[in-house]
Amino acid sequence: MSTETAVKATKYWQGISQALVEEMERDERVVLVGEDVGRAGGPYGLTRGLQDRFGDTRVRDTPISEAVLMGLGVGGGAVGLRPIVEVMFFDFAMLMMDQIVNQAAKYRYFTAGHALPLTIRAMCGAGGHNGAQHSQNIEAWFCAVPGLKVVMPSNARDAKGLLKSAVRDDDPVLVIETLGLLRDKFDVPQVDDLLIPIGVADVRRAGDDVTVVATGRMVDRAVAAAETLAEEGISVEVIDPRTIAPLDTDTILGSVARTGRLVVAQEALAPCSVGSEICALAVEQCFAELKAAPVRVTPPFVNVPTPLPLVEARVPQADTIADAVRAQF
Amino acid sequence: MSTETAVKATKYWQGISQALVEEMERDERVVLVGEDVGRAGGPYGLTRGLQDRFGDTRVRDTPISEAVLMGLGVGGGAVGLRPIVEVMFFDFAMLMMDQIVNQAAKYRYFTAGHALPLTIRAMCGAGGHNGAQHSQNIEAWFCAVPGLKVVMPSNARDAKGLLKSAVRDDDPVLVIETLGLLRDKFDVPQVDDLLIPIGVADVRRAGDDVTVVATGRMVDRAVAAAETLAEEGISVEVIDPRTIAPLDTDTILGSVARTGRLVVAQEALAPCSVGSEICALAVEQCFAELKAAPVRVTPPFVNVPTPLPLVEARVPQADTIADAVRAQF
Amino acid sequence: MTLSDSDSPGARPDGAPSALSRYRAMQLCRRFEETVHERFHSDEGVPGPLHLAIGQEAVAVGACHDLRPTDVITSTHRGHHHCLAKGARPDRMMAELLGRRTGYSHGRGGSMHVAIPEIGLLGTNGIVGGGIPIATGAAYGLQVQERDDVVICFFGEGASAEGVFHEALNLAALWKLPIVFLCENNQYVELAAQDLHVAGEIWKRGAGYDVPGVHVDGNDIDAVTAAVDAAVARARAGEGPTLIEALTFRWFGHYAGDKAAFRTDEEVETGRAGDPVARARQALDPAEVAAADAAVEAEIAAALEFALASPISGADVLYLDHQATA
Amino acid sequence: MTLSDSDSPGARPDGAPSALSRYRAMQLCRRFEETVHERFHSDEGVPGPLHLAIGQEAVAVGACHDLRPTDVITSTHRGHHHCLAKGARPDRMMAELLGRRTGYSHGRGGSMHVAIPEIGLLGTNGIVGGGIPIATGAAYGLQVQERDDVVICFFGEGASAEGVFHEALNLAALWKLPIVFLCENNQYVELAAQDLHVAGEIWKRGAGYDVPGVHVDGNDIDAVTAAVDAAVARARAGEGPTLIEALTFRWFGHYAGDKAAFRTDEEVETGRAGDPVARARQALDPAEVAAADAAVEAEIAAALEFALASPISGADVLYLDHQATA
Ligand SMILES: Cc1ncc(C[n+]2csc(CCOP(=O)(O)OP(=O)(O)O)c2C)c(N)n1
Ligand SMILES: Cc1ncc(C[n+]2csc(CCOP(=O)(O)OP(=O)(O)O)c2C)c(N)n1
Ligand SMILES: [Mg+2]
Ligand SMILES: [Mg+2]
């Protein structure tokens, strides 16, 4: 992030909110549909004022009908809108899988090249206290589907810039936002049109000894771990992929090839995850350079509980990540 | 597979059919629900005769209502049945994700220990010519869900023995059958009660130089590749995990630690797949023993086409697997 | 866990004439929720979301009071009253909501994940409409086993927009399943009024499937009881499903803490005026009411005491109950 | 692909009086499907599944004949007639079904994956009910853009059991979307009769949402035309959705090759007796019919020739059209 441009402390939810306003102002084809996004201003308050500003047709409250809600995005996008579909909790995407995977993702393929400019905003419950059906990190499912792009902002700048880029993308993009970050503040550069490119990872901290790839809530924990480890003389490079499908393999694997060590930290469970994919790619493509076994730092393979203390007891902390890094040496 | 017991050449679909009959005979709590499973004898003819034999309550045709179809298994299992839910094409599970992942998989957790003896039989369209919405290998999605077991029979013996074990299991088990294998013949041991244990991999061919882990239609192709390579002096160990969640890591990683080389062959796409998981586990746990980079042999990251020649042009063949093995040396 | 759920003090007929018994059950629901609501705003608080059904007690009690332990219900995210009416123990419910080791799910799940198969409760649910397919499956299971038990499937008017409602109605009608679809219309759907959610009238949708549709005052315990008893009798007799819409009113916000500021004071006052507990109370002998109220207070006090005396759930509970083998 | 889809010979009114024009469009559907059906059993065959709509032509043509290119439809797994009636080119359709490079999806998709947005065809679909949410979304899109175009959503009576049908009816009614839900009841659902699938009557389900429900003889082109034209006018006027159930008959098995042996010969004979094409023919001047038939034969012959002359799709088509950047 350039140090010249002025920055402003902005909450994660504000970044999302600003992106929505800017894109709806810029392009009248952009619409927002979802449950309670309009009259109520959104379950998280981040769409407050949008309906007054853009009208109740472009900012539309839907009944609790997830499959058809996603269909609004697919069909609307097919006839000329650039729809943003809000998924109140990422878990509810389980009621939309056919529309996302069988319809939206394959639209360009079936139509032999027609665009489907659909943005799906899903709020991942990680960090909340809503229990096992409202907190699942199922991002890997979508990363395995041709025709879908998947981004996962870990801060307000990316929440804003990636969403704006998603809305302008001519293919379906799934934007996974994180509940546990909504009220956290981050520096956001004050530029006219903040666009974070899809497919480009962010090197949050440069380092030489080990590469830590972290997503979502784990990114700042990885940075904190890196600071601790710096004092111990371990130079950690922290990479936030930001786009998890397609992965920015140049940046990620380039770093691994240089450091020879890889730790992946995520809130998703280990099996068949983005972390699994990054480790598999690293060993496939950087085998000769590896000095230690790439490892994944994830929660244990159990359901997400409701009480916050138990939620945090389950997920990796900065210390957990630091320990995994130390074990590389 | 013991060489003493008599074997009989049996088609894959017959193995499934026999398992259904035997388990429904054995335990009257076992029921089969699905689309056209009863009166019509099943979309693939493999439930023919079952309704006459067990009645139209225990073998029940449902309307085309996938979410509620899966609910029949969850609710039925909760009140004392041992339901088998047939999913005509694995892709249609996308309409059942909430019932499978949010309800069935978490039933024991929410009830603090009550069993849910649910068997889900999903026919994966791999090898068929039904196109991009009827041929997807989405098994990895389910392998990432606590509370679910996932098995993937690659031959008639396992199709029979794993299904019988699934029906007797007290937790939800997803049995992924493969359309492209239905009419292939395999030796099936003629024993009273053929049970293939869940969680135990099958070493299809012993070898010393390289471990090939293959699933579904890739298993026999891996064995064919192994035979070719034997003539070239490469000794290949071929492992069929059979259960892909939880993985039999003792067998798989034990083999990798011994051979020092790993090739994973699957029909599923590469990203965040079972293959990714096996490679990640191998490098995490066998790093010191690895002599070459573990690799995945998968189709390219594109949709499944309809015409069979294109379907086969897209998926790995025995030669593809053999080449990947040669590249390990 | 050594506590037995077989004889819950919550809602089983307790020998008293049933009008009083029903009143007592409603009062128990009311006081239970008022108590957790207070806790929610206390320092220790409740470690999860709370969706209160205060004002809707007559629907749960009218539907469940006369059921057998072997009958089955599925509840929703707003289901404390359903659970208690079906016989859940207030003490273990309270413990679950307060995140205690003695809760029904070891204090891991909280309000939206209370499931007690041994009393026929197949769960509150975090997924709107999530209980509908399960209820349908349970009814199929009862039918296969040739039991004359029934299923009551609770859902809100907002949930009626989920596709599973229609799938279940169609299948239950085709199979003549022993189930009652009970739509608890509390006039609000999350953060807004129901006008955004329901086209036409829900109870009228039965006709399209040849399923009887019934509309009832959900604040009148006797009316709910009569409607449900008839539907249950029909179901037990193998005559198939009934769709009942019970009109009631959500007294508070969507969740504890939500002010539901979009509602006018008049709107709320009018709505609360229909208080089903007060209505039931009027018809009873004040002395009996006083005794019942005292008994409920004692039960609630004991439940809270039990919960607070129980250990707060620690990380060990995270690993329990994922598989038989685990 | 240089071919233009703007002026398809398939179904746009071609100057002839519209009864004849409709007849010609139905005959085109009939002959197109008979032709691919023959190919299916030939040596070269068709490299994918074929679901034939022979006998159902009046539903597709009655619904689509008077539509504008800017109007939108969603079709099903059994949708050749919908595609042709909406203006798809028989030659490129034929090429797609025969797996040729010149097909609408480069011969990769086949019968269940024909989607031509430029003529308002948002696709046949391999997922039963899969087109219903898309149709609803398209209607929303038209409404946002304040176009007076409409959407026709085709689905079968079997598909009516999918939850999305109900979700869509409710939402379309709430929003007064410009959409017609057209249930094409061909009396069979895959490998069995519809008695296993439909409780009550589908067209009656509209009432529960305050949506007009209409029942029409799907083998009578004039009746279908009248019913759909009225519903379309209502939709264009912003008055909201209509539900139409058109009763017709599936002449063949579920897919080409399926004998549908469960049907008695009488059943099939009686069903086929309602032949919508023959019925339409009777009302017309034999000379005009002969001319129309000849024109259709020529068009089908040209389409087949075009397809057979086109290269069989090779592995290169696997990689096309996954992303704008790809
Ligand atoms: C599938 C799904 N969609 C959305 C939600 C979010 N949500 C929770 S409660 C609720 C409103 C439900 O309204 P209603 O069915 O009327 O029940 P009530 O809250 O009034 O008791 C919504 C939308 C959810 N939990 N699950
Ligand atoms: C979601 C889904 N479930 C099941 C199927 C399998 N299937 C294909 S066609 C069909 C029957 C559809 O019946 P109907 O809607 O009446 O259409 P018809 O075949 O009669 O034209 C079924 C069950 C499918 N393709 N998609
Ligand atoms: Mg409500
Ligand atoms: Mg049909």
Side-chain angles (χ1 to χ4, degrees), chain A residues 33-45 47-48 51 56 59-71 88-96 98-99 125 128-136 179 269 299-315, chain C residues 45-49 77 96-100 103 105-113 124-130 155-166 189-199 254-255 258 260-262 312-323 326:
Chain A
V33 290
E35 294 163 0
D36 279 336
V37 296
R39 200 190 281 174
Y44 313 105
T47 56
R48 209 164 277 150
Q51 193 171 63
D56 60 9
V59 179
R60 192 121 203 202
D61 288 310
T62 70
I64 313 174
S65 308
E66 283 74 16
V68 162
L69 165 55
M70 189 53 65
M88 191 187 294
F89 278 91
F90 194 14
D91 314 64
F92 306 161
M94 292 187 206
L95 294 153
M96 307 167 157
D98 172 60
Q99 286 297 308
H129 57 276
N130 297 294
Q133 294 173 329
H134 286 68
S135 313
Q136 298 166 92
L179 187 63
L269 297 169
F301 192 57
V302 299
N303 291 319
V304 183
T306 297
L308 270 182
L310 295 182
V311 169
E312 281 308 312
R314 179 180 163 281
V315 301
Chain C
V46 175
H77 59 284
E96 184 61 30
L97 270 50
L98 297 186
R100 306 300 165 125
S105 190
H106 306 316
R108 296 174 299 210
S111 172
M112 290 197 292
H113 303 308
T124 55
N125 213 308
I127 302 299
V128 166
F155 61 100
E157 80 280 19
S160 74
E162 293 283 4
V164 288
F165 168 48
H166 154 81
V189 176
E190 211 176 55
L191 310 179
Q194 58 161 288
D195 61 307
L196 294 172
H197 296 270
V198 183
H254 171 49
Y255 45 80
D258 167 30
F262 67 90
I312 290 174
S313 304
D316 62 305
V317 303
L318 293 174
Y319 299 85
L320 306 175
D321 311 318
H322 287 79
Q323 284 191 347

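When each of C/Gly110, C/Gly99, C/Gly109, C/Ala192 is checked for heavy-atom pairs under 4.5 Å with chain A, C/Gly109 comes out on top. Between chain C and the residues A/Pro305, A/Pro309, A/Gly38, the largest count of heavy-atom pairs under 4.5 Å involves A/Pro305. Among the candidates A/Met88, A/Met94, A/Glu35, the residue making the largest number of heavy-atom pairs closer than 4.5 Å to chain C is A/Met88.
For C/His113 against C/Gly126, the heavy-atom pair with the smallest separation is CE1-N, 4.1 Å. Heavy-atom minimum distance, C/Ala315 versus A/Leu310: N-CD2, 3.8 Å.
Interface remark: C/Ser111 contributes no atoms to any contact with chain A (heavy atom separation under 4.5 Å). Both the backbone and the side chain of A/Arg314 come within contact range of chain C, each with at least one heavy atom under 4.5 Å from a heavy atom of that chain. Heavy atoms closer than 4.5 Å to chain A are found in both the backbone and the side chain of C/Ala193. Looking at C/Asn125, both its backbone and its side chain come within 4.5 Å of chain A, counting heavy atoms on both sides. Looking at C/Val46, neither its backbone nor its side chain comes within 4.5 Å of chain A, counting heavy atoms on both sides. Only the side chain of C/Asp195 comes within contact range of chain A, with heavy atoms under 4.5 Å apart. Interface residue A/Asp36: only side-chain heavy atoms are found under 4.5 Å from chain C.
A tilted orientation is assigned to the rings of C/His254 and C/His77, their planes being inclined by 30° to 60°. C/Phe155 and C/Phe165 have tilted rings, their planes meeting at an angle from 30° to 60° on a 0 to 90° scale.
In this structure, C/Glu157 CD and C/His197 NE2 are separated by 8.0 Å, a value rounded to the nearest 0.5 Å. With rounding to the nearest 0.5 Å, the separation of CG in C/Leu318 from CZ in A/Phe301 is 14.5 Å.
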_Apply side-chain hydrogen bond (donor to acceptor under 3.5 Å, both in side chains) to residues A/Gln136 and A/Asp91 and explain how you reach the verdict._
CA-CA 6 Å; A/Gln136 298 166 92; A/Asp91 314 64; 2.7 Å; yes

